[in-house]
Protein chains: 2
Amino acid sequence: MIDIADLRFLTALSSAPSLAAAARSLSVTPPAVSQRLAQIEDRLHLRLIERGRGPLRLTAEGAFLIERSSGILGELETLADEMAARAGRIEGPLQVIAPFGFGRLRVAPILSRFAGENPELSPSLVLSEDPLGAMRAGPWDVMIHVGRLPDLRIMQRKLATNRRFLVAAPSYAARFGLPQDPGDIAGHRVGVVREDRADATLWPLTGPDGSETSLRVHPVFACNDGEVVRAWALDGFGIVERSEWSVFQDLRDGRLIRILPDWSLPDADIVALLNPRAVRAARIDAFVNRLSVEIPTAAIPLS
Amino acid sequence: MIDIADLRFLTALSSAPSLAAAARSLSVTPPAVSQRLAQIEDRLHLRLIERGRGPLRLTAEGAFLIERSSGILGELETLADEMAARAGRIEGPLQVIAPFGFGRLRVAPILSRFAGENPELSPSLVLSEDPLGAMRAGPWDVMIHVGRLPDLRIMQRKLATNRRFLVAAPSYAARFGLPQDPGDIAGHRVGVVREDRADATLWPLTGPDGSETSLRVHPVFACNDGEVVRAWALDGFGIVERSEWSVFQDLRDGRLIRILPDWSLPDADIVALLNPRAVRAARIDAFVNRLSVEIPTAAIPLS
DNA sequence: TCTCGTATTAAGTTGCCGCTTAATGATCGA
DNA sequence: TCGATCATTAAGCGGCAACTTAATACGAGA
């Protein structure tokens with residue numbers, strides 16, 4: 001009889017480049033994988049995986065089995081979720097994806113506390129600047145995202161409004177003065193967070209009268225880590241554009257001040273995307289609720 | 001995580017009147033059942049089965065779980081069947097239901113041989129005079145039936161034509177003579193197979209010219225086992241109505257002779273009913289094919 | 001040529017899970 | 001009141017499945 005542990009095992013194999021890689025990701029030795037696979041193939045009297053040189057390839061039978069498995073495994077997982085929900089329990093795996101900066105600084109502490117209150121939870125947090133890639137890479141329940149997102153037809157929930165500010169340190173203002181108008185920016189030192197997927201040097205500004213300007217800036221400093229850029233600004237090296245969540249305390253405490261406060265950039269709201277596969281699980285509901293309570297709180301004090 | 005062995009276990013429990021009864025049908029001791037159930041309930045943090053006095057009762061959660069399980073278990077079983085089919089293998093459980101007489105004398109030997117040729121097959125044969133009850137009682141793949149059947153909307157396959165004859169032993173004919181006309185039967189000794197569900201004493205005869213007569217007989221001997229009635233006829237005690245399959249050899253060898261050979265009774269064809277749940281399994285296909293080859297063969301020699 | 005990564009076979013170990021036995025308690029009917 | 005059936009708890013056993021280590025073979029790339 002087919003065992004679902006075998007189906008899980010095969011599913012893991014099917015998305016691994018080699019048996020050795022699968023062994024590593026399963027935390028066992030290669031022979032364990034090799035002989036377990038051989039055993040399953042023997043039981044079915046079918047070859048499931050072509051393992052010649054190069055990457056693993058599923059045979060037709062293997063592909064068929066994996067395909068059918070996914071449905072069954074999904075149903076079983078959903079069933080487990082529903083039973084846990086009926087027991088009023090927060091338990092089971094909770095796989096969260098978040099961007100590096102926001103994830104490390106905001107999501108991780110909340111998840112950590114949440115897990116502490118629910119000992120039967122098995123949380124995992126994957127930080128990635130490529131959320132769509134991470135989604136495809138492995139199973140996930142909740143993905144936290146900051147900013148605009150292509151329409152993914154995935155259920156999402158807004159966790160907090162998140163404005164974007166132009167900021168600089170007082171020491172910078174003292175040395176170089178402050179721009180009074182977007183046009184003045186060109187004469188200033190600017191730092192940006194340069195990621196692959198966004199045009200970080202084009203700032204779409206909206207003026208106090210509603211007029212819109214696209215400002216192309218020429219950064220003197222760039223980094224793909226927002227915290228590094230923030231530190232650079234804190235050190236008085238220039239003007240940067242950062243999210244409210246990132247610099248809110250700096251602004252409150254006067255370590256940074258807003259530049260062109262009458263001009264605004266489009267919001268980069270914080271949203272949670274929910275995997276449709278698991279939307280109805282109690283643990284996910286509870287965690288997203290927690291996020292939606294705790295994340296906005298941190299920003300409220302600032303007007 | 002939920003284990004499907006647990007789901008099978010719970011499904012077995014759900015159709016048992018008591019834990020002790022379940023233990024017997026699972027071939028284990030009562031504590032094994034009790035503690036395994038307790039363990040599952042602990043894991044889910046839910047009570048699944050109310051066990052007070054009287055019969056077991058599922059709780060709402062238990063009923064929900066069983067309900068959902070059946071779908072998953074069914075899919076898994078179907079998947080196993082399909083994989084076996086792809087491997088071109090005859091294997092797995094094969095659960096056959098057949099009536100007592102025909103099952104014991106005709107189906108059992110064929111199934112026995114079929115299982116011998118396919119060592120990975122786990123056959124089970126349930127003989128029952130109440131096929132519909134047996135269908136409901138447990139899982140089944142193929143049900144053999146002789147005679148008319150209410151329209152069950154179940155896929156069926158005719159295995160053989162099976163006529164019904166009026167027969168008697170030559171010794172009886174020598175002592176009492178033979179009826180030349182249905183009307184003569186009234187003066188003869190008649191034995192019948194009396195089952196609950198059929199009116200065994202009303203013989204719907206069709207004459208050589210196509211005329212139809214319903215003949216009410218008054219048996220001097222009755223039994224619910226066809227073989228006993230046949231033996232009674234072989235011993236020269238009277239005239240009985242029997243299926244071709246049952247008396248074909250007796251007729252061939254002259255131990256019995258046909259009475260009113262120009263008159264016929266409605267056929268009681270031999271059919272296989274296929275459980276829609278498992279129609280596409282290779283082992284079932286193969287077994288029914290085997291039946292449809294071997295069963296008619298036995299009767300062909302007789303005109 | 002050497003080395004590294006991969007895959008497989010063989011043999012040995014271990015942990016756990018499911019079972020059994022034994023004993024207790026509860027309930028019901030005779 | 002006794003006996004029978006059922007359910008449960010506690011304690012201990014055993015089998016087996018999954019894993020490990022060790023050894024071998026193969027190919028590709030430096």
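Below, chains carry the letters A, B, ... as their sequence lines are ordered, and counting in each starts from 1.
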Report summary line: Contact check, residues 3-13 of chain A vs DNA chain C, heavy-atom distance under 4.0 Å, returns none

Requested in this report: Determine whether B/Ile97 and B/Asp141 make a side-chain contact, defined as any pair of heavy atoms from C-beta on separated by less than 4.5 Å.
Outcome: no

Requested in this report: Could you please name the option among C/dT8, D/dT21, D/dC6 that lies closest to any side-chain atom of B/Ala20?
Outcome: D/dC6

Side-chain donor-acceptor contacts of residues 21-37 of chain A below 3.5 Å, not counting sequence neighbours, with atom names and distances?
{"unit_1": "A/Ser25", "atom_1": "OG", "unit_2": "A/Ala22", "atom_2": "O", "d": "3.3"}
{"unit_1": "A/Arg36", "atom_1": "NH2", "unit_2": "A/Asp6", "atom_2": "OD1", "d": "3.4"}

Report task. Name all residues meeting the side-chain hydrogen bond (donor to acceptor under 3.5 Å, both in side chains) criterion together with A/Glu77; count only those two or more places apart in sequence or in a different chain, and write none if there are none. Result -> A/Arg277

Report task. Please tell me which of the listed nucleotides, D/dT8, C/dT21, C/dT8, lies nearest to the side chain of B/Pro30? Result -> D/dT8

Report summary line: When rounded to whole Å, the CG to P distance for the pair A/Leu37 and D/dA18 reads 13 Å

Query raised in the report: Rounded to whole angstroms, how far apart are CZ on A/Arg47 and C1' on C/dT8?
Result: 11 Å

Restricting both atoms to N or O, compile the protein contacts to nucleotides 12-16 of chain D shorter than 3.5 Å, with distance only.
none

Requested in this report: Can you tell me the distance, in whole Å, between the CZ atom of B/Arg36 and the P atom of D/dT9?
Outcome: 17 Å

Report summary line: Looking only at C/dT6, D/dC6, D/dT20, the nucleotide nearest the A/Ala32 side chain is D/dT20

**Report entry** Phosphate OP1/OP2 of D/dC6: any B/Ser34 side-chain N/O under 4.0 Å
**Finding:** no

Requested in this report: List for me each residue that meets salt bridge (Lys or Arg N to Asp or Glu O under 4.0 Å) alongside A/Glu61, sequence neighbours excluded, and say none if there are none.
Outcome: none

**Report entry** Partner residues of A/Phe114 under the ring pair (Phe, Tyr, Trp, His ring centres under 6.0 Å) criterion, sequence neighbours left out
**Finding:** A/Phe287

Requested in this report: Ignoring the backbone of A/Gln39, work out which of D/dA22, D/dC19, D/dA18 is nearest its side chain.
Outcome: D/dA18

Requested in this report: Grab the CZ-C1' distance between A/Arg51 and C/dT8 for me, whole Å please.
Outcome: 9 Å

**Report entry** Partners passing salt bridge (Lys or Arg N to Asp or Glu O under 4.0 Å) against A/Arg86 (at least two apart in sequence or in another chain)
**Finding:** none

Report summary line: residues 13-35 of chain B vs ring-ring contact (aromatic ring centres under 6.0 Å, His included), sequence neighbours excluded, gives none

Query - Separation of atom CD1 in B/Ile49 from atom P in D/dC6, rounded to whole Å - result: 16 Å

Report task. Take the protein atom CD of A/Glu41 and the nucleotide atom P of C/dA7, then report the distance between them rounded to whole Å. Result -> 13 Å

Query raised in the report: Could you state the CG-C1' distance from B/Leu19 to C/dT27, rounded to the nearest angstrom?
Result: 15 Å

Query raised in the report: Is there any ring-ring contact (aromatic ring centres under 6.0 Å, His included) pair reaching into residues 10-39 of chain A, and which pairs are they, with sequence neighbours excluded?
Result: none

Query raised in the report: To the nearest Å, how far apart are A/Glu50 CD and C/dA7 P?
Result: 13 Å

Query raised in the report: Do we see a donor-acceptor contact under 3.5 Å between the side chains of A/Arg113 and A/Asn118?
Result: no

Requested in this report: Select base, sugar-phosphate, or nothing to describe what B/Thr29 touches, counting heavy atoms under 4.0 Å on all strands.
Outcome: base

